[in-house]
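This report refers to the structure that appears directly beneath it.
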Amino acid sequence: MYKSLFNKRPPLVFKHFSNKGYSLFACLGREVIVSVLSVSTLSHAAASSLSVELEKADSTHEEMTGIVMDDVEVTTSRAPLGIGQAARMVTVLNRSDIQAAAVQSVNDLLKYAVGVDVRQRGPIGAQTDVSMRGGTNEQVTILLNGINICDPQTGHNAFDFPVDISEIERIEILEGPAGRIYGTSSLVGAINIVTRKEKDSSGEVRLEGGSFGYFSAAARGNVRDGRWNNQVSGSYTRSDGYSRSQNGLLNSDYEGSKLFYQGEYDNTNLIVRWHAGLSAKGYGSNTFYSAKYDDQFERTTKFFSAIQTEVTCGGLHIKPALYWNRSEDRFELIRGSEEKVPFNYHRTDVTGINLNSYFDWVLGRTAIGAEFRNEDLVSGNLGEPLSTPKHIHGTNRDYTLGLNRSNISLSIEHNIIYKRLTVSGGLISIRNTWNEMPFKIYPGIDASYRVGNNIKFYASYNTSLRMPSFTELYYSVGDHKADKYLKPEEMQAIEGGVRYESKGIDCRMSVYYHHGKNMIDWIMDTTAEELEWESVNHTIVNSLGMELSGRLNLSQLMPAQKLFKSLSVAYSYIDQDKDLESNLQSLYALEYLRHKLVGSIDMHLVGKLDMYIAYRFQERTGSFTNTNGYTENYAPYSVWDTKLSWNDTHYNIYVEANNIFDKDYVDYGNVRQPGAWIVGGAIWKF
């Protein structure tokens, strides 16, 4: 259910094409045609974005021979590169994948990306830790339309998006360190959520209902007038939850709302895009943070805003962006009982400005970028004492602690393309004001070589870093003891792979090695008299991994049959080598998916009725302390999901079933996941 997609640029017709290696740069970002051959090439994605807009194209040189691709483009470098020359792969969950899958949230959908580890504490997006390749939930950069929305307080709430899953056009997943592209946080990869942008004025309404008191409603309206486009969407979701506390009270209930507005002005050489969104939710936190308390509760509110511009001045392309994100979090260890245990309050404001550009010259294409990002926290229990306390709205308490830090980054990248060979290299220089961190340089280089029209070999060496979260630095509450002198995590990685792609077939294989230094985790000494979690820097964590995937478009391969549309299978394996004594238990960093197998089949049954079946097997290494105080290893498990849908031009009616065999399993600690879950819904389009 996942594949790479690529965009198309405006037509470019050559009357003469000089036979020079570097002359390819004259048509990068466009599609060109010789005779009846059609070839897609990548266009621009700056540091702040993995993607660009759809554009048309049409003509090329014989050295650019390739195959016809889909009409959405993604890339993994600061400068645009052609599809045949791109040196790193991106996994894309596109619109058709989202519509076919039996999922209610982005978190659910990511479970079927083989390189992604999704550890849910609650369903329908209540709270999910997402990581890649044996890393932690803090080590992935999360972007919304190319804007970094990572929360420096904690990665637990990173997937609080202001858009409903029905409003997402695609999800782009870049695996492996990406420091020179995204700076801090991109230690093991990046995930970019791209929202829908309708070509014409339109509207849509969705209603869903199902097990455990589940109800969800969403609506979208879009108005396009010439070069202007404005779109508003909103949704409301609630559920009673699937479990109760020992006192018989609901402890996995959920209620949340989303509101999102986006606009665009497109005048060829000047494109301006902006968005503003709100996500507000409250949910029973079960035993999320402590097995001793089974009636925890959390409420989060997040606001996102950004404006992006793309200007073309002759051969110079400039993309500035400005953004502000605010996060508010209230955690209740004992739900509704602040007199027993005071609630934890936090508020984080993140502001940033970045400027990215690229230009062509005789030796290739060069990209230059810079970014300033400020992270400010006020809290009841995180940070240093504030000189002037700030009032907590709606309470009789004040924020008495806080922390402010700024990040400055400068980057440069150069791309050389000679016939079938691509080399893309660059570096980023980063300085953070926290702990007086000086400028440090993180380089990276990618290379690929095409053999014929269907096979491409690629290899890369990349580095990155990750600043500690505010929670890792200062959360010393209850049985937790933080270290405010933690060092930044650093990663070096090498990767090699091959991809085969032809009509109806897409197969990939990759092998990677990650060398992590100063990896941050919460560690517990299970032999100590007083059990407590301490935030520490591991000396070294090495990861060796492999990923295999294959997708068959059965409609293309066997057009005579009408039952099977597509089939996909993917497998990943990871082995980590680290220094950890047998009496120490890891909370995050040393619990990873050793084996993951995913598969799906998409079928057309009869008329307009489609059926989708997905399978997932996971085996996690690591252990947790159960409610009886004993250490328990994670057990492997398999889960099946399915969806039946009747798809018409103006409406869709569907029934989804998750965990159809009612499997009892855990993704994290003592938080049991829901059994069989059934949802029915309908979408009307106008």
Side-chain angles (χ1 to χ4, degrees), residues 1-9 11 27 30-43 54-76 81-101 112-114 170 172-173 419-420 422 448-458 497-510 547-571 598-604 610-613 647:
M1 66 174 284
Y2 55 91
K3 57 185 177 180
S4 292
L5 303 177
F6 301 90
N7 208 358
K8 297 181 179 179
R9 303 287 291 191
C27 64
R30 303 190 183 186
E31 179 178 335
V32 290
I33 293 178
V34 171
S35 185
V36 296
L37 177 65
S38 179
V39 184
S40 296
T41 56
L42 288 177
S43 73
L54 303 181
E55 299 181 77
K56 289 288 180 185
D58 72 40
S59 89
T60 197
H61 182 255
E62 58 186 359
E63 285 296 340
M64 298 173 62
T65 303
I67 61 173
V68 177
M69 302 297 296
D70 291 308
D71 62 352
V72 176
E73 179 188 65
V74 295
T75 189
T76 58
L81 294 178
I83 173 63
Q85 287 73 33
R88 287 183 74 176
M89 295 295 100
V90 179
T91 296
V92 175
L93 306 175
N94 62 28
R95 182 74 186 151
S96 61
D97 297 327
I98 298 171
Q99 291 177 319
Y112 289 96
V114 72
R170 64 186 181 275
E172 305 166 353
I173 305 168
K419 297 183 178 179
R420 297 178 179 270
T422 299
S448 68
Y449 185 79
R450 292 181 297 117
V451 178
N453 298 332
N454 306 113
I455 300 176
K456 180 169 69 174
F457 292 91
Y458 64 94
V498 59
R499 179 180 183 182
Y500 174 83
E501 189 172 21
S502 64
K503 181 179 180 181
I505 302 176
D506 186 358
C507 298
R508 308 183 194 184
M509 181 188 73
S510 63
E547 293 179 7
L548 301 169
S549 68
R551 179 186 176 93
L552 302 179
N553 188 325
L554 301 176
S555 297
Q556 286 186 333
L557 293 173
M558 298 181 291
Q561 63 84 34
K562 303 300 181 182
L563 177 61
F564 300 105
K565 297 166 66 176
S566 65
L567 172 68
S568 65
V569 179
Y571 168 76
V598 296
S600 66
I601 185 167
D602 198 1
M603 296 180 288
H604 175 71
D610 292 335
M611 185 175 187
Y612 179 85
I613 301 174
N647 303 309

Practice prompt. Output the distance between atom CG (Leu552) and atom SG (Cys507), rounded to the nearest 0.5 Å.
Written response: 6.5 Å
Practice prompt. First locate atom OH of Tyr500, then atom CD1 of Ile505, and finally report the distance between them rounded to the nearest 0.5 Å.
Written response: 5.5 Å
Discussion item. A side-chain contact here means heavy atoms from C-beta on lying under 4.5 Å apart; do Met89 and Lys456 qualify?
Written reply: yes
Worksheet item: Do Ile98 and Ser96 come within less than 4.5 Å of each other through their side chains, counting heavy atoms only?
Response: no
Worksheet item: What distance do Ser568 atom OG and Asp97 atom CG have between them, rounded to the nearest 0.5 Å?
Response: 8.0 Å
Worksheet item: Is the backbone of Gly452 close enough, under 3.5 Å, to the side chain of Arg420 for a donor and an acceptor to pair up by distance?
Response: yes
Discussion item. Whether the side chain of Asn454 engages the backbone of Glu501 through a donor-acceptor N/O pair (distance < 3.5 Å, no angle test) should be reported.
Written reply: yes
Discussion item. Nearest 0.5 Å, please: how far is CZ in Arg551 from CG in Asp602?
Written reply: 8.0 Å
Fill in: Beyond-backbone contact of Tyr612 with Ser600, side-chain heavy atoms, under 4.5 angstrom
yes
Discussion item. With a 4.5 Å cut-off on side-chain heavy atoms, are Tyr458 and Ser510 touching?
Written reply: yes
Discussion item. Please check: side-chain N/O of Gln556 versus main-chain N/O of Pro559, any donor-acceptor pairing under 3.5 Å?
Written reply: no
Worksheet entry | Interatomic distance, Leu557 atom CG to Leu554 atom CG [nearest 0.5 angstrom] | 6.0 Å
Item to complete: Report yes if the side chains of Met603 and Ile613 come closer than 4.5 Å at any heavy-atom pair, otherwise no.
Response: yes
Fill in: salt_bridge(Asp506, Arg499) N-O dist < 4.0 Å
yes
Discussion item. Nearest 0.5 Å, please: how far is NE2 in His604 from CD in Gln561?
Written reply: 10.5 Å
Response to the item:
By side chain to side chain donor-acceptor pair (under 3.5 Å), Tyr449 pairs with (sequence neighbours left out) none
Discussion item. Can you confirm whether Ile173 sits close enough to Val92 that some side-chain heavy atom of one is under 4.5 Å from a side-chain heavy atom of the other?
Written reply: no
